[in-house]
Amino acid sequence: MEISDPVPKLLLQLISSAFQRCRLSEDLCRLSLLLHHQSTGNDPPITSISIADTGIGCNLVEFQDLRYPRELNGPKIWDGLLSVKTTCFSDDEVFCYHINLDEYISNKRIKRQPSQPKNGAKFSGTEVSLTVFGSMDALVAPIISFFQKMLVLQLPNVTMDLVVKQGDSPSTQNQYVFVVNADKTPCFTASNLERLKSGLEDYVLRHGNCLDIMCEQCFSHREHLKVGSGIACPEENRKRPGRTMEVVIVISDLLETTRHCSRSCEGKTEVLYFDNFSPSPIPQVALSALKKIDWKSYGLILASVNDQEGHVFLEWENFPSYVQIQIALHWYHNKYPTRQKTEPGINLVKKGIKSALDDLKTKHEGFLLSSHARKICSYVPDLARSLAGLIFSSTDMDFQGDCLSVLGFQPQEVEREAVEDYIQRKIVTVIGMNESKPQEAAPLLFFEAGSETQYFDDEEIESEYYSSFLLE
Amino acid sequence: MEISDPVPKLLLQLISSAFQRCRLSEDLCRLSLLLHHQSTGNDPPITSISIADTGIGCNLVEFQDLRYPRELNGPKIWDGLLSVKTTCFSDDEVFCYHINLDEYISNKRIKRQPSQPKNGAKFSGTEVSLTVFGSMDALVAPIISFFQKMLVLQLPNVTMDLVVKQGDSPSTQNQYVFVVNADKTPCFTASNLERLKSGLEDYVLRHGNCLDIMCEQCFSHREHLKVGSGIACPEENRKRPGRTMEVVIVISDLLETTRHCSRSCEGKTEVLYFDNFSPSPIPQVALSALKKIDWKSYGLILASVNDQEGHVFLEWENFPSYVQIQIALHWYHNKYPTRQKTEPGINLVKKGIKSALDDLKTKHEGFLLSSHARKICSYVPDLARSLAGLIFSSTDMDFQGDCLSVLGFQPQEVEREAVEDYIQRKIVTVIGMNESKPQEAAPLLFFEAGSETQYFDDEEIESEYYSSFLLE
Amino acid sequence: MEEEASMKFFSDQNTSYADILPPHEARARIEVSVLNLLRVLNSTDPAISDLSLINRKRSNSCVNKGILTDVSYIFLSTSFTKSSLTNAKTAKAFVRVWKVMEMCFQILLQGKRVTQRELFYKLLCDSPDYFSSQLEVNRSVQDVVALLRCSRFSLGIMASTRGLVAGRLSLQEPGKEAVDCSACGSSGFPISGDLNLLDNTIITSDARYIILVEKHAIFHRLVEDRVFNHIPCVFVTAKGYPDIATRFFLHRMSITFPHLPILALVDWNPAGLAILCTFKFGSVGMGLEAYRYACNVKWIGLRGDDLNLIPQESLVPLKPKDSQIAKSLLSSKILQENYREELSLMIETGKRAEIEALYCHGYNYLGKYIATKIVQGKYI
Amino acid sequence: MEGKFQISDTTNLLRKIKDFTRSIVEDLAEGKSPEISINRFRNYCNDPEADCFCSSDEPKGREILTLRKTSQTYRIDMLLRVLLIVQQLLQENRHGSKRDIYYMHPSAFKAQSVVDRAIADICILFQCSRYNLNVVSVGNGLVMGWLKFKEAGRKFDCLSSLNTAFPVPVLVEEVEDVVSLAEYILVVEKETVFQRLANDMFCKTNRCIVVTGRGYPDVSTRRFLRLLMEKLQLPVHCLVDCDPYGFEILATYRFGSMQMAYDIESLRAPEMKWLGAFPSDSEIYGVPQQCLLPLTEEDKKRTEAMLLRCYLKREMPQWRLELETMLKRGVKFEIEALSVHSLSFLSEVYIPSKIRSESLPVTNLI
Ligand SMILES: [Mg+2]
Ligand SMILES: [Mg+2]
C-alpha cells in the first residue's frame, strides 16, 4: 500500500509553511524533511515524517486551515494527528502541541502538551511530525520537485534537505540537499524579481534544477539565454500597496548537438507559478490569461495549453523544437504573512507577461517580432545591401565619408560587410521598436510640407508613359 | 329565294360550250346571254335564261355529260329541262330538243321536238334556254367574271353580251357587252400565246377587264408592264402532238400615286387558269406546281397559296405591295373538240411557268434575280462607278475614246453618268445571264497553300497607338 | 477656403514636377536620399524614413486654367503618398524603390543608359524576390521619379520616341552640323529621346505656323507634298499619343518662337481630340514629368464644320471605345466649351471621320484645306 | 523571265491598267462576264518532305474571278476601286499608303485587310511590286552606322552621326548613291537592342550598318534591307530573341512572308545569317535561370507549325535544328537576358565574337 495523493498535498502545505518561516527569518535557516520508513515487522508498514525548520517559529493559526486529507474509498492511512514543536527566538521553552485534523470542532483540535525547556539557548524553529501507514515511494518525487521549484525563488538564506530512510541502517538512507548556488546568485539585497530571473535561468540551465550544475551538453553559455522580466501591480495598489505580479521568461536555444536532449521539453513551455513565495498550482485566471495573450504579435502561434494537474505546458505551432521557452509567474504580497489569500486579475497576469515579452524584444533586436515585422525584416538584408551598395559604389568620397561617419565608422577601418551588417541591425532594431512603441509617424526622407499624405495603394494611376490626357 | 350555286356552274358550262362553238367558227360570232326575271305576279319569281350563239351548231354529245345541279337540302328550283335549238350551216332546219337532266336513263334524256324550217337561210347557231325559280342576283356576277376572263384569251371573232331584264320594261334592262379591243389586239393570225399575252396585259391594265379602257390612274404606260411567256409541251407530244401548256406572266409597277388603288390585289398574285380556251378552276396538279416552283431562284419568296374555290391567289413575302404579278395558265389541245379531258403533268406546269419567268428575266435585266444574284448586283453600282472612273479619270484621251466607242457612245455626247448607267445595266445583264446559264465548274486551278496560321500582318500595324513604354 | 484654392492655381508653389538633370546631379539626389536615411536611422531617436512620393492619383491632379496666359495645363499637386518600410502594404515597394535607385545609380556611374526592359532584366536577376514583372519595374521607376523629382531620363533610362519633325526648321545639335528639316525627306527628322540633347539643340526657323499632325501617314503626305513651301510651317507628329520627348520638343519650339501658333490636325473622333488635349494640357499619367510642356495648341481640323467636305460613306459609326473616351473627355474640367460642343456633335451624330477622308478631293487637297483654314482663321 | 516581276515604269503600268479596263469594258459590251485571272503564290508549304516548288518564283496556281460568285464580285469591286485610286496616284505621280486608300472609303472597304488584298491582287495581275503602284508605307524601321545615301535627291548621312537612329526611307525605290564603308549589316529584332548598341557607340568601334524593323519588319524595312544588300554586297547578320516570335521575324527577313509571297524576290534577304540568340547561348553565356521563360502552349504550337515549313528543311536545316532544340528545351529568352551581367556585353563581347566566328567554316552552317 502506498501513501496516496492527499498526503503529499498536506505535506507540501506543511513544507511551504516551514519555508515561509525560514524566509522571514533574517538568518540563514535550514529546512529538513525526514521520511523514515519503518518497515521492520510492521504490516502495514509505517512511515514517520518530520518537517523541521530553523525559521521564526510557528503561529498555531497556520494549522487552522489544514484539513484532514480524506480518501473517499480506501483504508484509513493516518490518524490525523500532527505533533508540533515550536519556539520563537524570544521564547524560553519549546511549546508542544498535538493537533488532530480529524477533529471538526476547532477548539478541540489543538491539545497543548507539556513544553520542553530551552535552557537559555537562543534559537527558534519548528518541527512537525506525523506517522502514516504505507510506503513512501509516491511521496519522494513530488517533494523533490517542490524543492526544485522552490530554488527558483533563490532565497539565499534557506537551505533545504530531504532525508529518506529505509529502516534504521544508515546505508539505506538517502539525503537530498537543495541549496542556492551562492556564488552565482544575487546577494541578499537583490530584489525578488532579480532573484527570480537568476533562479529561472539556473532552473533552465540545470534542466529544471535536476542537476547540480549547468548542463553543458545542452547549453554552452549562460549568455545564450535571453531573459525578459516584467512586473505588474493591480490598480488598487495605490490604496493598498504591496501586491505584485512578477513574470520572468527565459528563451534558450539548445545546442545543435544536443537538441534532442532527453531532459528538454521538446519545444514545450513549462509555466511555473508561485503564490507568495511558494510553488503553487496555476490558478484558473492565469491559465485564461495565458490563452488570451496576443502571442502572434510576438511572432508566436499558441497551439494548446495543457494543464496536467497544475503543471502547465504551452505548445507552439511555429516554434522550432530546439528553442525552449520557460515562464515563471510570481504573485505575492510584500507584507507576508497575510492570511487573506488573493488571486491576480486576468489583465494583471497578461500585463505582466506582455511586459516580460516586451522586455525580451527590447533587449534582443529582431527577437519575438510579429509575423508582420518578421516579414518586413526579411527584406532588410536586401535593403541594407542596396544602401551599402549605394555608399560604396559612389565615386564621391565625401559622400562615402559622410555616410560612414553618420553610422559611426572610421573611414579607414571600414569594410563594406560591416557597414551592411550595421545598417541591417539598425533597421531591424527600429522595426522591433516600432512594434512595441505606439506607432508614431516616421519622418519623411525629404522634409516637405506636403498637403495631405496618405499611404499609397494600388489605385494609383498606371504608370504608362505614353498615357493620354484621359488618365486625368 | 335566290338561285343558288349549282345553277351558275351549269350555266358556265353551257356558256363555255357556246363559246367553243363560236371559237371554232371561222366567222365573226356572237354569244348572247339573256336573263329575264319575270317578277310580275309569280311567287316564287321565275327567271328564264337563254344562251344563244352563232357558232357552228352543237353536237348533242355535249349534253351527255351535263348533270342536274342538285341542291342537297332546299326547294327544287328547276325542273331539269333544257330546251335546245340548234342548226349547222349545212342544215336545212333548226333542230329542237328537250333535254331532261333529271332523267338518269340516258336514252330517255333527250326528246326530239319538232324542227323549225330555216327556209333556205344559211346560218348556224344554237340557243339553249331554261327556266328556274328564284331571283337571278347571284347569277350575274359569276357570269360577268366568266366573260371577263374569257376576254383574256382574246379570241377576236367572238363578241359576247349579257342582257339582264327585270320584268318587261326596257328601262329595267341592262346590257353588258364583252368585246375584244380590236385595234390593240393581235390579228387573227396571231398565235394563241400571243393573244394570251396581249389579253393578260389588257386584263391587268383594265383591272381584271372590269374597265373598258386602261386605268390610267394605276398604269401610265403599257410599256411599264413586263411580260414573259412560256410554252411547255408534254414529252409524249412527239407521238401525239397537240397538247400545250402556255403560261403568261405580267409584272406591273403600280404608279406611285395610286399604289393603293382599290382595285389592285394588294400585292397578291391572281392565277388565271384556262382549260381548252375556257376559264376553269385551277386543277390540283397546277396548284402543286405553283407551290413547287423554286421561286427563290427568281428572288421571290412565296408566303402562301390561297385557293378560294378555284380562284387562286399567291402571296409573297418579299415583294413590295405596289408590284403586281399576274399569271395565266392555258392548257389546251390544238385539235379541239376532244371529248377526252386531260390534265397537264406537274412538271409540265412547272416547266411552263419557269419558262415564262426566265423569259421575263432575259427580257428585263436585273429583274427577277435570285437573292444570290441580287447580292452580286449590289456591287454593280460600285463596279460601274469604278469602271467609269477608270475611263473618265484617265488622262489618255485615246483610251477614253476607245472605251466609249466600245460601249456605243459618241465621244462628244458623253456624260459620265450615262456611261456609268450603261455599264451598270450591262453588268446586271451579265449577272442575270450567268444565272440562267448552267453554272460552269468554278475555274480554280490552284492548290491550296494549306491552312497554316498567319500571325502577323506584313504592314505597318498602325492599329491604335502604342501605349506602352516597353520598347518592344 | 475658396480663395485659398484659387490662390493655388496661380502659383507654381503647389505643383510638383520632375527636373531634367545631368547624371551627376541625379546621382547627388540619390546620395542625399541615402544620407538622409542613414542620419535618421542612426540618430538618437532612430527611425526608418518614409518615402514621400507625389501622389499620382487623379485626386491629386489640378487644372491650371490660363487666365493671364493662353496655356492651361493639368498638373500634380503636392499631395503625397507615403511608402513606409514598416507598413505591410508598402514595405516591398519601399525596398523596390531603393533597388531601382541603386541600379540607376550604377548605370549613371557607368555613363550609360538602359531601356526599361534591360532594367527589368537587371533587376530580375539581381533581386528576383522583388521584381517579377516589367510592370513592377515601371511602377518603381515612377516611384523614384516621384521621390527624387527628376525625370526618368535623368535616371539613365532611355526613352523611345516616335516623334518626327519636318519643314521650315533647322536643328543644330551641339558639335554637329545644322540639319535642314525641309530637306530630310518625307520620313522627316526624328526627335531625339535625349532630353538634354533636345534642350541644347539650336533651333532656327522662318516658319509662321507649327502644325501638329496626329498621324504618321498624314505627316508623310504633307511632307512629301512639301506643303511647307506653300504654308511656311513646321510639321510635328508623335504618331498618335505623344511621348515626353515630342512634347518637350514642341514646348521648346513654343518657347523659342512664342508667336507661332500651334495648330493641330487630328481625326474627328474622341481619340483625336484626346491626343490634341494631351499636347495642350498634359496628362496626369506623365505625372511629374511633363506638365510644364503644355502648349497653347489650337484645333484646326477635322471639326464638325468640315463634315460637309466629307462624303457620307466616309463617316464611320463611333465605336464603344470612342464613346468611352468621349465620356471621359467630357468629364474633364479643363475642356473648353467649343471643344465640348465638337464632342457633343460626335456623340449626337454617332459618327467619326478620319483625316484621310479628305482625300476624296484628291491627294493634294490636304494642303489646300490647311491653307484655307489658316487664312480664314478657323481654329479654336 | 517568266514569273519574275519586272519593275515596270509608270507609263507601262498605266498602259496595263488601261488595257485591263478596256478588256473588261469590251467583255461587258459583248454581254460577256469578265474573267480576271489572279495567280497564287506561296513561299513555303507545310510538308517538309514534299517535293514542292515553293522555292521557285512561279505562281503556285491561279484563281479566276468572275461575276458569278458574290465573294468574287466583291473582290473585283474592291480591286477596281483600288485600281481607280492607283491610276490616279500614278497619273499624278503621288504616293499613297494602304492606310490612305483605306480611309478614302472606310465604309466600303470595311477593313484594312480588304485593301491589302486588293493591292496584292493588283500587283499580281500586273506583275509588279507594290511600290510600282505608288503605294508606299511609312515604315517603322530605323538605321544607323556607316552609310550614306540619297532618297529622292535628299541626303541621308548616317556617317555624320554614327550612333543616331535614322528612319528607314519611305521611298525606297528612289534611294540612290548608296555609299558605305561598312563590313557587314546587322539586323536586330528590337528597338531596345538597337538603342543599346547606339548607347554603347557600337558603330564607332564596329564598321557596320545596324537596321531594326522594330519587331515584325514592315515592307519598307525589308525592301530597304534588300536594297542595301544588293547595292553593297555585304554580309547580313540577324539578331533576334530566342523565342518563336523572334524566329518568325528572322524567317520573314530571310524568306519573306506568305502574304507578300508574290513579291518575295524584292523583299527577302537570301544570304542573311542568324547571329543569335540560339537556345544554346543561355548556357554558354550563363543566362540566369529566372530569365528563361517556359514556352507557352501558343509558343509551342507556333514552333511546331514553323518546323513544318519546307524552306527550313530545304535551305536552312541548321536553323531548323536550333528551332527543334528550343522546342525540346521548352524555354525561351530575350536578347536582354544576355546582358544582365554587363550592359555592354552585347556590343563588346557577344556580337563581335559571333561575327568573328561566322568567318570560321565550322560555325558557318547557321
Ligand atoms: Mg485617330
Ligand atoms: Mg521579341
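Within every chain, numbering begins at 1; the chains are lettered A, B, ... in the order of the sequence lines, protein sequences first and strands thereafter.
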* **CD1-CD1 distance between C:I48 and A:I431, expressed to the nearest 0.5 angstrom** => 4.5 Å
* Are more than 12 heavy atoms from other residues, nucleotides or ligands located less than 6.0 Å from atom NZ of A:K363? -> yes
* chain A contact via C:S127 - side chain, backbone, both or neither, heavy atoms under 4.5 Å -> neither
* **Contact origin within C:K280 toward chain A - heavy atom pairs under 4.5 Å** => neither
* Asked: How close do C:V34 and A:C403 get, heavy atom to heavy atom, and via which atoms?
  -> CG1-SG, 4.2 Å
* To do: Could you pull out the closest heavy-atom pair between C:E31 and A:F399, with the gap in Å?
  => O-CE1, 3.1 Å
* Asked: Given a strict heavy-atom distance threshold of 4.5 Å, which part of C:L276 is in contact with chain A: side chain, backbone, both, or neither?
  -> neither
* When you look at NZ of A:K426, are more than 12 heavy atoms from neighbouring residues, nucleotides or ligands closer to it than 6.0 Å? -> yes
* **Pairs of heavy atoms under 4.5 Å with chain A: top-ranked of C:V95, C:D129, C:L41** => C:L41
* Asked: What part of C:F279 gets closer than 4.5 Å to chain A, counting heavy atoms only: side chain, backbone, both or neither?
  -> neither
* Asked: Do you know the tightest heavy-atom contact between C:A91 and A:I376?
  -> CB-CG1, 4.0 Å
* Determine the option with the most heavy-atom pairs under 4.5 angstrom with chain C, choosing from A:T395, A:L407, A:D396. => A:L407
* **Leading residue by heavy atom contact count with chain A [cutoff under 4.5 Å; candidates C:L109, C:V145, C:N42]** => C:N42
* To do: For the residue pair C:L38 and A:I391, establish whether any side-chain heavy-atom pair is separated by less than 4.5 Å.
  => yes
* Asked: Between C:A28, C:S33, C:S43, which residue shows the highest count of heavy-atom pairs closer than 4.5 Å to chain A?
  -> C:S33
* **Any side-chain heavy-atom pair of A:D382 and C:W98 under 4.5 Å** => no
* With a 4.5 Å cut-off on heavy-atom pairs, point out which of C:D126, C:L85, C:L51 contacts chain A the most. => C:L85
* Structure fact -> Okay, A:S378 and chain C: the region with an atom under 4.5 Å from a heavy atom over there is backbone
* Compare every heavy atom of A:G389 with every heavy atom of C:E102, then report the nearest pair and how far apart it is. => OE2-CA, 3.8 Å
* **Closest-packed option against chain A by number of heavy-atom pairs under 4.5 Å, given C:M103, C:R39, C:R27** => C:R39
* **Pairwise side-chain contact, A:T429 with C:P46, heavy-atom cut-off 4.5 Å (strictly under)** => no
* Structure fact -> Greatest number of non-hydrogen atom pairs under 4.5 angstrom with chain C, of A:I423, A:V406, A:L390, falls to A:L390
* Asked: Counting distance only, does the side-chain N/O of A:H372 pair as donor-acceptor with the main-chain N or O of C:N87 below 3.5 Å?
  -> no
* Side chain from CB out, backbone as N, CA, C, O: work out which of these in A:K375 comes under 4.5 Å of a heavy atom of chain C, or both, or neither. => neither
